[in-house]
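Below is one structure, written out as structure tokens; the observations come after it.
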Amino acid sequence: MPTYDFCCSDCEHRFSRFVSLSEKDKVKCPRCGKGNLKQLFTAFNYKVSGGRSGVSAPSGGSCSRLSCSTCAGC
Ligand SMILES: [Zn+2]
């Protein structure tokens, strides 16, 4: 199973979970307990292949941190 990185939309807590694909929708934030999470993709791959910033970012970014590298709304 792969490890997924998540960013909580409510408290911006970032964490990783080792879950199957079918279970990742059930993951909840360990800090606030809410399930309003955004999945992060590896920043490494993102930067290597892209190098662009703020282009065609996925919508729904309520996370305002630059460190949240995959959510384009950041
Ligand atoms: Zn949270």
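Counting from 1, the numbers follow the sequence of the chain as shown. Atoms within each ligand, like the ligands themselves, are counted from 1 in listed order.
Applying the side-chain hydrogen bond (donor to acceptor under 3.5 Å, both in side chains) criterion to K24, with sequence neighbours excluded, gives Q39.
Side-chain contact between Y4 and L40 is absent, with no heavy-atom pair separated by less than 4.5 Å.
For the Zn ion (ligand 1), the nearby protein N/O/S atoms, meaning those under 2.8 Å, are C8 SG, C11 SG, C29 SG, C32 SG.
Between the T3 side chain and the F18 main chain, no donor and acceptor come within less than 3.5 Å of each other.
The heavy-atom pair separating K28 from R17 by the smallest distance is O-NH1, 4.2 Å. Heavy atoms only, all atoms of each residue included: K34 and L37 are closest at O-CD2, 4.1 Å.
Using bins of under 30°, 30° to 60° and over 60° for the plane-to-plane angle, the ring pair H13/F15 lands in the parallel bin.
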